Amino acid sequence: MTVAAPTRLRVPYVIAHEHEVAPQPLWFGRGPRGGVRLAYDVPRRGDVVRGVLRVRVLTTRRGAPQWRKLNTLRQWRCMEKLRCQVCGKAATDPDTGRIPWIMTDTAFREISGDSTGGLTSAPPTCWACIPEALATCPQLRISSTVCTVARAQPVAVLADMFTPGPVRRAIPTGEHSVEISLKDEMVLSYALATQLIVQVHDLQPATQD
Ligand SMILES: [Zn+2]
């Protein structure tokens with residue numbers, strides 16, 4: 001069952017819309033060092049970013065919001081440019097230079113050897129949008145902490161996995177949202193990235209001023 005969201009709710013910048021789906025004709029071309037590599041039938045500039053094939057989506061924001069799905073291009077932009085996931089504007093606090101970030105149990109993970117950071121697939125949220133995000137997002141109401149971070153760098157992707165079939169057509173393996181390091185060239189050759197994951201540094205609970 002899907003629960004209809006109230007119509008007055010602002011649709012966050014990062015949320016996917018129904019009519020932003022684009023065709024994904026995929027096959028396995030020749031990869032570096034003699035292997036195979038997932039590719040679009042007709043390649044376009046911008047298909048491969050940070051060494052991984054990225055899912056093609058439109059950014060028209062047309063059609064019904066898909067409340068449980070993120071638009072890949074806007075999620076990517078939020079992560080790389082540190083934009084707010086709700087309003088799409090710069091998230092960094094101009095006074096402190098720190099980035100406000102709502103961390104949830106589901107989208108944040110600690111990593112060994114980094115006691116003050118971790119990995120997340122959820123983009124930052126600017127101070128102005130944090131009250132709205134906490135009030136309206138069911139996920140954030142369950143478990144979330146408002147934090148700030150000093151900086152963030154892309155380190156991995158979430159991806160759907162494919163395997164070569166007859167005449168090198170790409171067959172989905174059925175694995176979705178598989179986390180793959182940007183250093184793992186071999187596995188990335190079989191992956192269609194849907195979200196960018198960043199490592200955040202100097203993560204601190206936000207202080208109430
Ligand atoms: Zn905002």
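The figures that follow rest on heavy atoms only: side chains count, while hydrogens, waters and symmetry mates do not. A quick note: this is a predicted structure, and the numbers were derived from the prediction, not measured.
Between Glu179 and Arg109 a salt bridge is recorded (basic side-chain N to carboxylate O distance below 4.0 Å). Salt-bridge check for Arg10 with Glu132: passed, with a basic side-chain N closer than 4.0 Å to an acidic carboxylate O.
Side-chain contact between Ile171 and Thr173: absent, with no pair of heavy atoms (C-beta onward) separated by less than 4.5 Å. For the pair Asp41/Leu26, no side-chain contact is recorded, criterion being any heavy-atom separation below 4.5 Å from C-beta on. Gln66 is listed as a side-chain neighbour of Glu18, based on a closest heavy-atom distance under 4.5 Å. No side-chain heavy atom of Glu80 sits under 4.5 Å from any side-chain heavy atom of Val49. Two residues are said to be in side-chain contact when any heavy atoms from C-beta on lie closer than 4.5 Å; Ile130 and Val146 meet this criterion. Considering only heavy atoms from C-beta on, Leu192 comes within 4.5 Å of Gln24 through its side chain. Annotation: side chain of Arg50 is not in contact with side chain of Leu188 (no heavy-atom distance under 4.5 Å).
Remark: Leu196 CG to Leu70 CG distance equals 12.0 Å, nearest 0.5 Å. Distance check, rounded to the nearest 0.5 Å: OG1 of Thr194 to CZ of Arg54 gives 11.5 Å. Put simply, SG on Cys126 and CD on Gln85 are 10.0 Å apart, with the number rounded to the nearest 0.5 Å. A distance of 10.0 Å separates CG in Asp93 from CZ in Arg98, rounded to the nearest 0.5 Å. How far CD of Gln75 is from CG of Leu73: 10.0 Å, rounded to the nearest 0.5 Å. Of the inter-residue distances, the one linking Ile197 atom CD1 with Ser121 atom OG reads 5.5 Å to the nearest 0.5 angstrom.
Judged as a salt bridge (Lys or Arg N to Asp or Glu O under 4.0 Å), and not counting sequence neighbours, Asp105 has no contacts.
Counting heavy-atom neighbours within 6.0 Å of Glu185 CD, excluding the residue itself, gives a total of 12 or less. The 12-atom threshold is exceeded at CZ of Arg169, counting heavy atoms of other residues, nucleotides or ligands nearer than 6.0 Å. When the shell of 6.0 Å around CD of Glu110 is examined, it contains 12 or fewer heavy atoms from other residues, nucleotides or ligands.
Shortest non-hydrogen contact noted between Met161 and Ala191 is SD-CB, 3.9 Å. Closest approach of Arg83 and Arg77 over heavy atoms only: CG-O, 4.0 Å. Considering every non-hydrogen atom in both Val57 and Thr72, the closest pair reads CG2-N, 4.1 Å. Residues Cys84 and Thr125 share a closest heavy-atom pair of SG-CA, 3.9 Å. Closest approach of Ala170 and Leu38 over heavy atoms only: CB-CD1, 3.6 Å. Of all non-hydrogen atoms in Val14 and Pro123, the two that sit nearest each other are CG2-CG, 4.1 Å.
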Q: Take Thr59 and Asn71 through the test side-chain contact (heavy atoms from CB on, under 4.5 Å) and record every step on the way to the result.
A: CA-CA 8 Å; Thr59 53; Asn71 176 285; 3.9 Å; yes

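Between the side chains of Gln204 and Thr148, no donor-acceptor pair of N or O atoms lies under 3.5 Å.
With hydrophobic clusters built from ILVMFWY side chains whose heavy atoms lie under 4.5 angstrom apart, Leu158 does not share a cluster with Tyr190. The hydrophobic cluster containing Val21 does not contain Leu53, counting ILVMFWY residues as joined when their side-chain heavy atoms lie under 4.5 angstrom apart, directly or transitively. Linking ILVMFWY side-chain heavy atoms closer than 4.5 Å, directly or via other members, places Ile111 and Val157 in two distinct hydrophobic clusters. Cluster membership for Trp101 and Trp127, using ILVMFWY side-chain heavy atoms within less than 4.5 angstrom, is not shared. When hydrophobic clusters are built by joining Ile, Leu, Val, Met, Phe, Trp and Tyr residues whose side-chain heavy atoms come closer than 4.5 Å, directly or via intermediates, Ile102 is not grouped with Ile99.
Grouping Ile, Leu, Val, Met, Phe, Trp and Tyr by side-chain contacts under 4.5 Å, direct or through others, leaves Tyr13 on its own.
Aromatic ring centres of Phe162 and Phe28: separated by at least 6.0 Å.
Here the side chain of Thr92 pairs no donor or acceptor atom with the backbone of Pro94 at under 3.5 angstrom. Judged by distance alone, with hydrogens and angles left aside, the side-chain atoms of Gln195 form no donor-acceptor pair with the main-chain N or O of Ala193 at under 3.5 Å. Distance alone, capped at 3.5 Å, places no donor-acceptor pair between the His201 side chain and the Gly117 backbone.
Checked against Glu20 for a side-chain hydrogen bond (donor to acceptor under 3.5 Å, both in side chains), the options Lys69, Arg74, Arg56 give a single hit: Arg74.
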